[in-house]
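Every chain is numbered from 1 and lettered A, B, ... according to where its sequence line falls, protein lines coming before strand lines. Hydrogens, waters and symmetry mates are skipped; everything else that's a heavy atom, side chains included, is used.
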Amino acid sequence: MNKADEILSQLNPAQQEAVKQIEGPVMVIAGAGSGKTRVLTYRIAYMLENGIPPWQILALTFTNKAAGEMKERIFKLLGDSQAQSVAMGTFHSVFYRILRTEGEKLGYSHNLIVYDTDDSKTAIKNIVKEMNLDPKTYTPSHILNRISAAKSSLLSAEEYAQNPDIAAVDAQSGKPHIAEIFMRYNARLKKSDAMDFDDLLYYMNILLRDFPEMLYKYQNRYRYILVDEYQDTNFAQYMIVKKLAAAHQNICVVGDDAQSIYAFRGANIQNILNFKRDYPKAQIVKLEQNYRSTQNIVNAANALIKYNKDQLPKEVWTSNNEGNKINIVQSNTDAEEANFIASNIKEIQLNEHIDNSHFAILYRTNAQSRALEESLIKHHIPYKIYAGLSFYKRKEIKDLLAYFRLAINNFDEEALRRIINYPARGIGETTMEKVIVAANEQNVRVWHVIEDPETYLDKEVYAPTKKKLKEFATLIKSYTAMLQRSNAYDLGLHIAKSSGIISELKQDISEKERLENIEEVLDALKQFVEKAPETSFNEDTGEVIENYFPTLDRYVESIALLTDTEDDDKQNFNKVKLMTIHAAKGLEFDYVYITGMEENLFPSALSIGSRQELEEERRLFYVAVTRAKVQLTLTHATMRFKFGSLQFSEPSRFLSEIPITYVNISAKASSGRGAMSIGGQRNPLRSRYAEQQEPAPAKPAGRFVPKQYARQTTQKPELSIDMAAIGKLAKPTDIVPKLKVYHVKFGYGEVINVEGTANDLKALIHFDSVGDKTLLLNFAKLIIPKK
DNA sequence: ATGGAGACCTTTTTT
DNA sequence: AGGTCTCCAT
């Protein structure tokens with residue numbers, strides 16, 4: 001049996017169908033636990049086994065984790081390094097890389113940096129202040145939401161400003177100046193040579209829309225496209241995928257409409273519901289067999305999701321055991337709820353010898369983790385909280401990274417403002433305000449004012465202060481000068497020391513943890529340097545780059561879109577896992593606790609205003625329920641601390657949507673009352689909820705209608721050089737010593753030597769104009785000239 | 001310019 | 001409850 005057949009033999013018939021159909025559009029509707037990741041990875045492996053070059057495959061995911069997992073599994077499957085050449089990553093990271101390469105066309109440099117949400121909010125906050133608007137009305141998060149929604153719908157700031165419907169919504173909410181903030185915010189990002197998360201998708205669209213040669217280039221590079229979690233794509237992502245796939249139509253999307261939980265940030269469930277309309281020839285495969293959970297869990301999940309109107313019909317089933325009933329446990333307070341869970345975990349472990357790592361506690365909001373944490377500590381149960389405050393969002397890390405960023409890109413205004421007075425060097429608010437006013441009035445960058453204060457600042461700023469500004473600029477410039485000479489670790493260490501960050505933290509014993517975090521970054525830098533490959537290659541020209549040097553800017557690029565430290569399985573393998581339900585998507589655990597099953601918490605009070613929002617909450621519940629393999633426990637409390645005060649809460653309506661045959665309801669014993677018996681045929685929670693149900697208030701419509709994208713791009717763009725006139729494109733195997741060749745960038749040359757095998761052929765070529773170059777033949781589009 | 005005390009506001013979910 | 005912001009004293 002050959003390897004391709006071997007791959008297929010490990011799949012069920014529906015999965016095989018999804019894997020085998022390499023050409024043409026395919027949509028895989030993958031029910032929870034039906035082996036979605038398996039299908040994706042096996043499909044890529046199958047493609048590779050069928051001779052498709054790895055670099056023609058583009059696999060897009062939503063999280064770094066999903067991308068990493070896929071890579072690892074393909075590696076295990078094929079046992080060679082082919083997986084390394086597959087372009088696999090999050091939408092944001094893949095397009096960031098492309099935009100760094102091509103960004104000059106849009107007026108950005110190769111140093112293009114990414115602003116995270118914090119940077120964006122700070123920038124907006126400052127703009128609101130500069131415009132003398134009321135910061136209580138114009139909150140950064142609300143404004144960023146509006147801007148983000150616009151960018152995700154491919155609406156420019158100008159279009160936003162001119163759209164009367166949007167103006168009406170903003171005027172009605174008392175915030176008529178959002179459009180102007182939007183414009184200033186964009187200008188500011190541009191001046192800083194920076195993009196925010198949404199820009200990465202927005203400008204990728206612009207690149208493909210306005211530059212036909214770019215569309216042509218990337219359509220032909222990525223001939224096979226796979227998209228994971230397609231139900232979570234927003235309009236900007238949808239359009240990129242559509243454009244890239246337009247030429248070859250080899251697009252495979254995988255998703256589950258029932259697990260769409262990101263509409264709040266612009267995901268459009270219609271993208272998956274309308275796939276058949278976009279690609280009429282599409283083959284649709286449904287994966288309906290659940291391999292993960294017990295029958296009780298699968299049946300309960302099926303039953304509750306039926307309350308939703310918007311969905312593709314499917315019936316998930318399992319041949320697993322019926323399993324235990326789902327426990328519903330009521331407690332008096334959130335603290336009791338937490339104690340119950342901790343002691344329940346202990347009890348199960350005592351009886352069945354189950355490792356901590358097989359337990360997960362899920363919640364709707366991060367704020368709920370505190371009470372749980374306390375109980376776990378009290379019960380001596382090791383745990384790990386996922387997300388929360390991610391490593392890269394910690395203050396000290398952001399401070400150090402701001403130094404790195406500013407060294408790489410002197411124009412990064414957010415980084416500059418963050419660190420110009422940290423550690424304190426006597427440059428306070430007042431001075432910075434004057435600097436900013438001067439920069440705005442004289443229409444130069446803030447950096448220029450700092451660099452040359454005598455020219456741009458008047459006598460109002462005292463000479464000693466000017467000197468301090470200049471000294472700061474000099475310090476940063478000394479780092480910049482070292483960028484290409486020192487490796488990432490040496491320079492990083494130098495910056496951490498000479499900037500004063502380390503001594504500042506050393507002064508205060510209570511900052512020990514922050515100091516350790518700084519050391520962790522330095523460790524990471526060391527590893528980055530040590531693990532750096534010796535050679536790399538340029539994807540465009542195929543040129544092999546010897547002595548690849550691990551510089552600090554390469555490090556910063558590599559971590560720009562990481563939200564958390566890589567899952568350090570070594571340390572966390574024996575810990576109970578705590579996370580939000582959103583963070584749990586795609587994961588599975590034997591024992592799952594879903595906490596805070598209460599009205600206004602789950603479903604969230606903010607999401608019960610419309611049917612669409614409520615249905616999203618229900619899908620979220622569906623996701624949570626289907627994480628459990630063996631035992632699911634739902635807990636709710638009658639009283640809970642909210643904003644520091646104790647509040648009463650009613651059981652979640654979702655509890656009543658699970659048919660009574662699958663559940664086992666009990667009150668928590670510690671309150672003194674015995675377990676509550678299940679009375680009658682009806683779920684008692686149902687009637688309880690029905691009594692206090694109120695009509696939902698109407699919500700103003702604020703969502704954008706995606707505009708149709710005017711310029712269609714199927715026409716073949718003209719290349720700057722007419723290749724056919726020069727000769728014919730050579731296959732890698734055509735290249736032999738002494739052959740005369742033509743390269744788009746390096747011109748005419750002669751092959752001196754060829755080495756390597758199959759997909760890794762390299763040639764040393766002497767070019768008339770640029771001398772000797774080693775090229776990777778799979779990437780170097782060499783032409784054999786006409787005689 | 002800095003730091004501390006008290007008022008105040010928050011809470012969805014994340015690349 | 002906890003973090004952020006404002007104001008006031010140094």
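Looking at heavy-atom distances under 4.0 Å, A/S645 makes no contact with the nucleic acid at all. Residue A/Y262 is in sugar-phosphate contact alone, with no base atom involved, counting any heavy-atom pair closer than 4.0 Å across all strands shown. Backbone-only engagement by A/T431 is indicated by non-hydrogen atom pairs under 4.0 Å involving sugar-phosphate atoms exclusively. Counting any heavy atom pair closer than 4.0 Å across all strands shown, A/K585 reaches no nucleic acid atom.
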The contact string for nucleotides 2-11 of chain B, one letter per nucleotide 5' to 3', using protein heavy atoms under 4.0 Å with B, S and - for base, sugar-phosphate only and none, comes out as S------SBB
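In this structure, A/K125 reaches the C/dC5 phosphate: one of its side-chain N or O atoms is under 4.0 Å from OP1 or OP2. An OP1 or OP2 oxygen of B/dT15 is reached within less than 4.0 angstrom by no side-chain nitrogen or oxygen of A/T117. For the pair A/T580 and B/dT14, the criterion of a side-chain N or O lying under 4.0 Å from OP1 or OP2 is met.
C/dC5 atom P lies 11 Å from atom CG of A/N126, rounded to whole Å. Residue A/F91 contributes atom CZ, which lies 18 Å from atom P of B/dT14 at whole-angstrom precision. B/dT13 atom P lies 15 Å from atom CE of A/M579, rounded to whole Å. In this structure, NZ of A/K129 is placed 11 Å from C1' of C/dC5, rounded to the nearest angstrom. Atom CG in A/D134 sits roughly 14 Å away from atom C1' in C/dC5 (whole-Å rounding). Between the CG atom of A/D198 and the P atom of B/dT14 there is a distance of 16 Å, given to the nearest Å. Distance A/E613 CD to B/dT13 P: 15 Å, rounded to the nearest Å. Rounded to whole Å, atom C1' of C/dG2 lies 7 Å from atom CZ of A/R370.
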Show the numbers, then the answer: is there a side-chain hydrogen bond (donor to acceptor under 3.5 Å, both in side chains) between A/T365 and A/Q368?
CA-CA 6 Å; A/T365 65; A/Q368 288 166 256; 3.1 Å; yes
Evaluate A/K384 against A/L578 for side-chain contact (heavy atoms from CB on, under 4.5 Å), listing each step before the verdict.
CA-CA 6 Å; A/K384 156 92 181 165; A/L578 275 72; over 6 Å; no
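Of the residues A/D553, A/D193, A/D119, the one that meets the salt bridge (charged side-chain N to carboxylate O under 4.0 Å, His left out) test with A/R405 is A/D119.
A cation-pi arrangement is found for A/R265 relative to A/Y262, the charged atom lying closer than 6.0 Å to the ring centre and inside a 45° cone about the ring normal. Stacking of A/K395 on the aromatic ring of A/Y422 is recorded, both the 6.0 Å distance cut-off and the 45° axial limit being met.
Only the C1' atoms considered, C/dT6 is 23 Å distant from B/dT11, to the nearest whole Å.
Comparing A/S607 and A/T61 by the nucleotide of DNA chain B that holds the closest heavy atom to each, the one mapping nearer the 5' end is A/S607.
Counting only heavy atoms from C-beta on, A/H582 has its side chain closest to B/dT14 among B/dT14, B/dT15, C/dC5. Closest to the side chain of A/N366, out of C/dC5, B/dT13, B/dT15, is B/dT13.
Residue side chain A/F264 meets the stacking definition with respect to B/dT13: its ring centre sits within less than 5.5 angstrom of the base's six-membered ring centre, and the planes differ by less than 30 degrees.
Atom CD of A/E72 is surrounded by 12 or fewer heavy atoms from other residues, nucleotides or ligands within 6.0 Å.
The residues A/R619 and A/E616 are annotated as salt-bridged, a charged nitrogen and a carboxylate oxygen being separated by less than 4.0 angstrom.
The shortest side-chain heavy-atom distance between A/Y202 and A/N205 does not fall under the 4.5 Å cut-off.
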